[in-house]
Structure formats: structure tokens, C-alpha cells
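Treat the numbers as computed from the prediction; the structure is a model and nothing was measured.
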Amino acid sequence: MKIVFLDQKTLPHQAHLRRPNFVHQWQAYDDTSPEQVVQRLTDADIVLVNKVSLTADMLAQLPKLKLIALAATGSDNVDLDACQQADIAVCNVRNYSKSSVPEHALSLIMALNRNLHAYRYSITQGRWQQSGQFCYFDYPIRDLASQTLGLIGYGTIAKDLEKMAQALGMKVLVAARKGQIATAGRVSFETLLEQADVISLHCPLNIQTRHLIGEAEFKLMKDDALLINVGRGGLVDETALLRALAQQIIGGAGFDVVTDEPPAVDNPLMQALAYPNFILTPHVAWASLASMQRLASQLIDNIEAFVAGKAQNRLV
């Protein structure tokens with residue numbers, strides 16, 4: 001079998017990617033443009049891919065392809081319906097960042113609640129010396145204890161963040177899907193936006209969730225609420241977020257994802273970095289050393305399972 005990895009550069013060099021335990025030919029590229037996909041996969045049986053898009057038109061030109069092994073959990077870059085029709089199996093990696101992502105979300109929450117970024121920057125500008133005393137109080141500092149965390153999306157990562165938050169004395173609300181009546185253990189989407197001090201997004205990106213948070217949703221939030229997004233970039237209308245920060249409609253935001261990555265220099269989130277109550281990290285919430293190795297190992301496990309005739313972590 002021929003195996004092709006289209007964008008191996010998206011897997012950090014710190015992670016050891018072992019070779020599969022069956023006879024194969026291996027070809028890896030650092031990255032692949034849309035125009036190069038079909039040519040590079042013409043004689044491939046298995047493709048490994050993280051962010052490169054595999055469209056229906058591309059797949060129709062690849063009759064030999066048997067398996068798409070995603071080096072990620074999200075699958076919005078692959079046309080799953082086309083894979084189903086073409087009898088191409090698709091698998092993803094799961095729960096590899098079970099600790100890393102909720103810890104990153106909590107780090108953003110803590111940093112924003114205590115205004116660490118704002119204080120650090122002010123020190124570089126000489127503010128401590130200007131104060132003339134042992135401390136200064138330019139930015140509010142809030143305790144997490146007694147605050148309310150609102151979770152939108154309630155999978156493994158959200159549940160782990162819930163446990164961490166509860167251990168720190170936070171109350172946790174879980175939202176029903178937007179437009180649906182709240183069932184036991186949930187509150188309505190709108191109620192969560194109105195009551196939560198911190199709102200954290202943990203849902204997949206699809207037609208229903210794209211721009212789940214926009215101008216109308218920001219207006220429902222408390223004026224000191226924090227919005228955390230370690231999920232998917234398109235969940236939030238980024239222009240609306242920039243406006244909400246500029247007009248002080250919310251208290252701040254911490255993001256690890258952007259709709260288009262890497263973002264253009266004029267992206268609204270890049271502009272938002274001018275505000276001390278906004279933190280942006282480069283999609284690394286998942287990337288603890290342990291998480292990266294779990295991803296690499298599970299990626300190869302999935303391929304070996306497929307060749308052995310086992311359905312493991314299948315999407316198609």
C-alpha cells in the first residue's frame with residue numbers, strides 16, 4: 001500500500017510518528033496546495049491529512065483511495081458525504097488533548113480574570129515606577145470562586161473543564177442547543193449568555209454553529225463577561241467580537257482559534273490584540289507534549305486497524 005501524508009508539518013517534530021506495521025510505501029510532504037492534491041494522491045491507497053481540504057471533485061479523481069486518516073478530530077475539511085458515496089473510509093483521532101485543551105481554556109480564564117496580560121504590558125511601559133508605591137490598581141482582579149462558567153458544547157473537553165472549574169468554586173451552566181428547549185441539566189442558550197460570567201465554546205463547526213456568537217449574542221452577555229474559544233474559529237463572528245471589545249460590551253476574550261489560519265494581518269482578531277483584555281494564542285491549546293504524542297500514536301493505530309479489517313474511530 002502507498003501512504004501519503006499531505007501536510008506533515010502540521011504535526012510537531014517533538015512527536016514521534018512511527019511507521020505502520022505492514023508493508024507499505026511512505027511519502028510525506030510538509031504542506032500541499034489545493035492544486036497539488038490530486039497529483040500527489042493519484043496512486044495512493046491511504047492519505048494522512050490534517051488541514052488540507054479534500055473535496056468531492058478531488059475524491060472523484062482518486063479511485064484507488066481507500067482511507068483518509070485525519071490527524072485531527074475535526075473533519076470539516078473533508079467531504080464526508082462524497083467519501084460515503086465513493087466507499088472511502090474516514091477515521092479521526094479522539095480525546096488525545098483531553099487534558100491539554102481544558103487546561104489551556106482555564107489558563108485563558110485565569111489570565112483574563114486577573115488581567116495578567118494588561119499588568120505585564122503596563123510594567124514594560126514603566127507604570128510601576130510611575131506609581132511611586134509598592135503596587136498599583138489600574139486593572140480589576142476577580143476571583144473565580146463564586147463566578148458562573150457557561151459551557152456551550154458538552155463533550156469530553158467541556159466536561160473536564162467543568163471539573164476544573166468546580167474545583168475552584170465556580171458554578172457551571174450547560175447550554176441547550178440554540179433554538180431548542182432546555183432539558184434536565186441544561187439551561188436555554190439565551191439564559192446562559194445572560195447569566196454566565198465566563199462563556200466557553202466547545203462545539204464543532206458546521207452550518208448550524210457557524211457564527212453561533214454574533215452581535216445579538218454579545219448584547220445578551222454581562223458587560224464584564226469573558227468569552228473563551230478553544231473550539232473552532234468560525235463559531236464567532238470575529239468582526240462582531242472586535243466591535244464588542246471596542247465598545248466595552250463584554251469584559252474580554254481569550255481565543256486559540258481563528259476562522260482563517262494563519263490570520264491575515266488585518267483580521268479582526270489581529271486588530272483586537274490592541275486591547276489588553278484580549279488574548280490570542282496560535283491554535284496550540286491541543287499541543288502539550290503528551291497530547292502531541294497521543295495524536296501521532298493514535299493516527300498510526302487507526303491506519304493499522306483499517307488494514308487489519310477493524311473499524312476504529314470511523315467517521316465513514
Side-chain angles (χ1 to χ4, degrees), residues 50-51 53-56 70 72-84 90 92-95 97-98 101-102 104-105 108-109 149-162 172-183 185-196 198-221 225-245 249-250 253-261 263 267-269 272 278 280-281 283 285-286 315-316:
N50 189 340
K51 299 299 182 185
S53 291
L54 296 175
T55 66
L70 287 161
T73 301
S75 59
D76 46 289
N77 57 315
V78 177
D79 190 323
L80 298 182
D81 290 336
C83 290
Q84 188 77 56
V90 182
N92 65 351
V93 289
R94 306 177 187 183
N95 298 329
S97 56
K98 187 175 184 291
V101 175
H104 196 92
L108 292 172
I109 294 168
L149 169 66
L151 298 172
I152 299 178
Y154 196 52
T156 301
I157 290 172
K159 290 174 181 175
D160 282 353
L161 178 59
E162 176 183 35
V172 178
L173 299 177
V174 180
R177 290 188 179 183
K178 191 174 184 179
Q180 294 187 3
I181 298 173
T183 55
R186 305 287 179 107
V187 298
S188 71
F189 182 81
E190 291 74 20
T191 296
L192 183 140
L193 294 180
E194 293 169 349
Q195 295 185 5
V198 181
I199 298 163
S200 192
L201 306 179
H202 300 279
C203 24
L205 179 64
N206 52 43
I207 294 174
Q208 289 74 34
T209 61
R210 184 173 295 278
H211 287 187
L212 186 69
I213 304 294
E215 186 172 355
E217 288 71 30
F218 283 120
K219 290 180 179 178
L220 291 175
M221 298 178 191
L226 302 177
L227 178 65
I228 306 297
N229 187 7
V230 293
R232 308 294 281 183
L235 297 175
V236 178
D237 181 336
E238 293 164 351
T239 300
L241 173 62
L242 179 60
R243 190 179 302 115
L245 291 169
I249 294 172
I250 62 171
F255 276 50
D256 184 57
V257 288
V258 183
T259 299
D260 296 311
E261 296 172 345
N267 181 281
L269 296 193
F278 178 69
L280 179 64
T281 53
H283 205 144
W286 65 278
L315 299 173
V316 176

Heavy-atom pair with the smallest gap, counting every atom of [X] and [Y]:
X	Y	result
Glu162	Tyr154	OE1-OH, 2.6 Å
Ala196	Gly150	CB-N, 3.8 Å
Gly214	Ala240	C-CB, 4.0 Å
Ser75	Leu315	CB-CD1, 3.7 Å
Ala105	Leu161	CB-CD2, 4.0 Å
Ala175	Ile152	CB-CG1, 4.1 Å

_Separation between CD1 of Ile249 and CZ of Phe218, rounded to the nearest 0.5 Å_ = 8.5 Å

*Going from CD on Glu238 to CG on Leu269, what distance comes out if it is rounded to the nearest 0.5 angstrom?*
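Going from the CD atom of Glu238 to the CG atom of Leu269 covers 4.0 Å.
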
In chain order, what residues pass the side-chain contact (heavy atoms from CB on, under 4.5 Å) check against [X], with sequence neighbours excluded?
X	result
Asn206	Pro204, Gln208, Thr209
Ala56	Asp79, Ala82
Ala253	Leu227, Leu241, Phe255, Phe278
Arg232	Lys51, Asp76, Leu205, Leu235

Results of side-chain hydrogen bond (donor to acceptor under 3.5 Å, both in side chains) for [X] - residues two or more places apart only:
X	value
Thr73	none
Thr239	none
Ser53	none
Asp237	none

Determine whether [X] and [Y] make a side-chain contact, defined as any pair of heavy atoms from C-beta on separated by less than 4.5 Å.
X	Y	answer
Leu70	Val78	yes
Leu226	Ile199	no
Asp256	Ile228	no
Leu151	Leu173	no

*Counting only heavy atoms not in Arg177, do more than 12 sit closer than 6.0 Å to its CZ atom?*
no

Checking the side chain of [X] only, and the main-chain atoms of [Y] only, is there a donor and an acceptor separated by less than 3.5 Å?
X	Y	result
Asn92	Gly74	no
Ser188	Thr191	yes
Glu261	His283	no

*Sole candidate of Leu242, Val236, Val258 that passes side chain to side chain contact (heavy atoms under 4.5 Å, CB included) when paired with Pro268*: Leu242

*Do His202 and Ser200 have a side chain donor and acceptor closer than 3.5 Å?*
yes

*asked:* Show every salt bridge (Lys or Arg N to Asp or Glu O under 4.0 Å) that has at least one partner inside residues 198-217, sequence neighbours left out.
replied: Lys178-Glu217, Glu215-Lys219, Glu215-Arg243

